[in-house]
**Student:** 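The structure under discussion is supplied below as structure tokens; questions concerning it will follow.
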Amino acid sequence: MNLKRQLGLDILREEYAYSVDPVVGYTSSQKIPDRWVSTTCGYCSVGCGLFIGVKDQRAVSVRGNPSHPVNAGKLCPKGLSEHYTLQASNRARFPLLRKGRKLVRVDWSEALSTMVERFHAVQRRYGSDALGVISTGQLVTEEFYTLGKLVQLGLATKNYDGNTTLCMASAVSGYKRSFGSDGPPGAYEDLAKADVIFLLGANIADNHPILCQWLDANPARTLIVADPRVTKTAMMADLFLSLKPRSDIALLNAIIEVLIQRDLVDRAYIDAHTTGFAQLAESVHKYSPEFASGITGLSVSQIYRAALAYGHAQAPLIAWTMGINHSTKGAETVNAINNLALITGKVGKPGASPFSITGQCNAMGTREAGFTSSLPGYRKFESAADREELASLWGIKPQRIPESRGLAYPDIVEACIAKKIRALWVIATNPVVSFPNFAVLQQSLEGLDFFVVQDGFHPTPTSELADLVLPAAIWGEKEGTYTNSERRVSKVNAAIPPPGEARPDFDIFLELAKKLGCYGELFPGWTQPQDAFEEWKRVSAGRLCDYSGLDYQLLECHGGIQWPFPKDAFEVKTTRLYSDGKFQTDDGKGRLLPVEWEPFPEQPNTDFPFVLNTGRTVEHWHTRTKTEKVPILEHLSPNAWLEMNPRDALALKLKAHDRVDIISSRGRVSSVELRVTEIVAPGQVFIPFHYAEANANRVTQSAFDPISREPNYKQCAVRVEKSQPAPQFFGVRGSPKTFRRLSVNCKAKVHQENK
Ligand code: SF4
């Protein structure tokens with residue numbers, strides 16, 4: 001506290017002054033802007049429309065857009081405080097290049113020239129694919145489209161993936177296997193129109209809060225929630241299925257079996273629009289409710305209640321998120337969900353669909369346009385016709401387009417350890433905190449010849465390890481589009497310029513293309529994101545994700561429009577996929593795929609008797625790079641915690657607020673506050689994954705879905721011990737941040753402050 005304040009002279013008059021704003025009414029004077037800039041929230045995939053209030057070239061406030069079709073003016077705590085991320089003290093401002101042991105400020109020309117030289121040196125010596133690229137779900141679609149071309153054609157490496165593999169790959173693979181293409185069939189409007197809503201592994205109250213508004217608009221619906229933890233969403237349910245971890249396939253198969261036995265399936269739809277029903281019926285026959293009860297821990301009557309509610313519904317919506325995707329069986333669990341929707345003919349109907357709620361604000365954009373797990377426009381690498389079509393649109397030889405996808409994210413990490421990848425470019429993601437099994441990730445980064453991090457924030461636990469840091473503009477500072485979970489494309493606008501010498505990712509990609517000498521061929525005359533958008537419209541024309549009828553003005557005018565929106569579309573309306581029963585498979589039919597339940601890979605044992613579940617809290621976003629610097633969010637949820645059932649706490653002689661360590665065979669998370677609560681069942685514990693200083697991924701395992709390559713974040717075996725007193729450093733108790741710095745600085749590199 002300063003002296004004036006101590007003497008009572010500084011009463012913070014300006015901070016606490018209030019005035020009347022013509023739009024929002026009586027409010028803090030500091031938050032009254034000169035102008036409002038319309039845009040879309042940059043956190044989660046709900047895709048809320050909002051306005052950024054700008055005063056003197058600073059973002060001073062945010063308010064919801066009352067006419068936006070997604071959120072009708074409402075925002076969650078993250079959206080409401082999003083403008084604080086723009087002025088965070090940890091924003092990256094200047095390019096930094098490691099010289100000796102220090103990161104030192106350089107100009108953009110030196111930064112990008114060095115990047116090109118070092119990448120080319122590695123590729124000359126070890127081959128093109130010795131370069132790996134890991135991007136994100138946070139860029140605008142125009143940037144994903146540009147980056148995909150730049151990496152695959154300009155840098156000529158296949159080994160390109162996004163952090164979306166850590167959250168949505170199972171949904172993507174599941175949709176591709178069942179329906180022949182990625183693309184969620186449903187719409188948010190279905191939440192308001194469904195008579196039964198079945199949420200599986202989806203804690204929307206914490207992770208997608210504004211979707212609860214859609215539930216509230218439908219008070220007559222029956223809400224069924226299946227989750228091992230009594231989440232805030234579970235507390236809203238009419239029927240809560242507290243199933244054992246990773247028993248969802250047994251539950252879904254049992255529901256399918258009941259529906260077949262009770263003839264609650266749509267035989268005409270099955271015959272006309274699906275293949276594989278006989279095999280599916282045979283495979284689920286053993287999953288009687290009694291059999292499934294033994295696996296799931298649910299009662300037989302609970303399973304019947306859920307099955308009959310779904311089976312008798314006119315419009316059942318079945319939605320899921322990370323509780324399903326984060327698993328070695330994630331893609332197959334999505335297939336089981338799709339099976340249920342297909343046998344009842346409930347795909348792409350008002351109120352009824354198998355609906356994956358995605359994660360990041362533009363995870364969908366990279367899935368559509370990104371050139372990672374699919375070619376742009378959901379084209380297939382393995383299809384010669386798709387490659388030829390794309391090559392002709394781009395005016396290049398088809399041979400330049402890879403015939404198979406490159407390594408997925410976890411395999412890029414493994415290839416770094418095996419020295420097959422020697423240089424890595426990480427864009428807008430923080431793998432040191434977000435990748436499972438920290439020790440493996442650490443080993444992969446340590447062995448690199450050259451490591452580039454491009455991010456809006458520095459230092460982060462990942463950027464601290466980089467050889468080159470490229471400062472990027474973030475949400476609020478750049479233009480483009482995001483696609484939300486319901487395929488709604490919304491406009492994103494710049495309200496203020498980026499700090500220091502930071503640049504929009506789009507500009508960085510074009511500048512790099514110039515250094516590589518491929519700008520004229522791949523991006524002729526491009527200067528702004530709209531140039532990429534116009535080409536993307538042509539590339540997506542006629543595809544499932546058809547953007548060809550969209551333009552920026554139309555998006556501004558409607559606050560977002562769902563694809564497909566072809567050139568001849570004459571009406572902006574809710575769209576669903578596969579409403580006509582025609583799918584993107586070779587024969588146009590949906591595939592019913594038998595799926596078997598199996599136990600999750602690392603079962604609890606004598607040394608590690610608990611199943612650890614991980615997840616999120618409403619206040620924070622991913623690895624807290626952004627939200628740690630937002631005062632209200634950080635004050636609401638400043639520290640990690642561990643949830644444990646009272647019965648287990650009693651057995652371990654632990655009590656609420658004790659500090660505990662969580663230990664697996666891979667590592668230890670130290671000194672976390674204990675919450676003793678019935679929210680978790682006996683034998684299970686839960687930790688949020690946002691906190692670098694209590695990094696849950698020090699204990700999670702390297703287990704991945706063999707189909708989607710998504711990590712099995714949700715279950716690993718741990719034990720819990722009361723923490724020993726924290727060590728003293730030079731007589732001063734180490735802060736969480738001190739621990740983080742010491743623990744992640746594995747190369748013992750010293751960074752220079754980015755100022
Ligand atoms: S629900 Fe998601 S999109 Fe909406 S304001 Fe919150 S974080 Fe932003």
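Atoms within a ligand are numbered from 1 in the order they appear, just like the ligands themselves.
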**Student:** So, do Gln360 and Cys167 sit near enough that their side-chain heavy atoms are less than 4.5 Å apart?
**Tutor:** yes
**Student:** Could you measure the distance from the CZ atom of Phe689 to the CG atom of Asn695? Nearest 0.5 Å is fine.
**Tutor:** 11.0 Å
**Student:** Tell me whether the rings of Trp320 and Tyr175 are parallel (<30°), tilted (30 to 60°) or perpendicular (>60°).
**Tutor:** tilted
**Student:** May I ask you to decide whether Asp34 forms a salt bridge with Lys55, counting only side-chain N to carboxylate O separations under 4.0 Å?
**Tutor:** no
**Student:** Are Pro66 and Phe51 packed together at the side-chain level, in the sense that at least one heavy-atom pair is separated by less than 4.5 angstrom?
**Tutor:** yes
**Student:** Enumerate the atoms of ligand 1 whose separation from the nearest heavy atom of Pro209 is less than 4.0 angstrom.
**Tutor:** 1 (S)
**Student:** Using 30° and 60° as the class boundaries, would you call the ring planes of Tyr188 and Phe355 parallel, tilted or perpendicular?
**Tutor:** perpendicular
**Student:** For atom 8 (Fe) of ligand 1, state how many protein N, O or S atoms fall inside a distance shorter than 2.8 Å.
**Tutor:** 1
